[in-house]
Amino acid sequence: MGEALRRGADEVWLVWCIGNTPYWGDGPLEQYVHMIEMSANGALFAELVAASRPFALHVVKPAYPLPLDPEFFAGRVTADTLMEMGYRDA
């Protein structure tokens, strides 16, 4: 986002693939994915604060978060299903 603004964009489209899951389990994989979500949110907020001028931000995100690493790793969702969900939401 910051690079687009530096290059003169007045409008930015953000495809947000982070689930922002409200609850995480205690397992190491769940905590790892939670850490990724916190990092992504922190980086986004830092870029918004650093923006030196007004711009239009459009956020595209699915109504329901896509299942991520824990579900995929555990075999509760397949790669084909994830791709179908992404196509549906797009």
Same apolar cluster (I L V M F W Y, side chains within < 4.5 Å links), [X]/[Y]:
{"X": "Leu48", "Y": "Val12", "result": "yes"}
{"X": "Met38", "Y": "Val59", "result": "no"}
{"X": "Met1", "Y": "Trp16", "result": "yes"}
{"X": "Val60", "Y": "Tyr87", "result": "no"}

- Query: What pairs meet the salt bridge (charged side-chain N to carboxylate O under 4.0 Å, His left out) rule with one or both residues in residues 42-52, with sequence neighbours excluded?
  - Reply: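 Listed once each, the pairs would be none.
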Side chains of residues 72-83: which donor-acceptor pairs under 3.5 Å do they make with residues two or more places apart or in other chains?
{"residue": "Thr78", "atom": "OG1", "partner": "Thr81", "partner atom": "N", "Å": "3.1"}
{"residue": "Thr78", "atom": "OG1", "partner": "Thr81", "partner atom": "OG1", "Å": "2.9"}

- So how far is it from Leu5 CG to Glu3 CD, rounded to the nearest 0.5 Å?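 Those atoms lie 9.5 Å apart.
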Checking [X] now: which residues fulfil side-chain contact (heavy atoms from CB on, under 4.5 Å) with it, not counting sequence neighbours?
{"X": "Ala43", "value": "none"}
{"X": "Glu84", "value": "none"}
{"X": "Val49", "value": "none"}

- Item | Asp10 and Arg53: CA distance, side-chain angles, deciding distance, side chain to side chain contact (heavy atoms under 4.5 Å, CB included) verdict | CA-CA 9 Å; Asp10 293 321; Arg53 60 187 174 77; 3.2 Å; yes
- Partner residues of Glu11 under the side chain to side chain donor-acceptor pair (under 3.5 Å) criterion, sequence neighbours left out: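 Checked Glu11 against side chain to side chain donor-acceptor pair (under 3.5 Å); matches are His58.
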- Query: Would you say Lys61 and Leu14 make side-chain contact, with heavy atoms under 4.5 Å?
  - Reply: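 Sidechains of Leu14 and Lys61: no contact.
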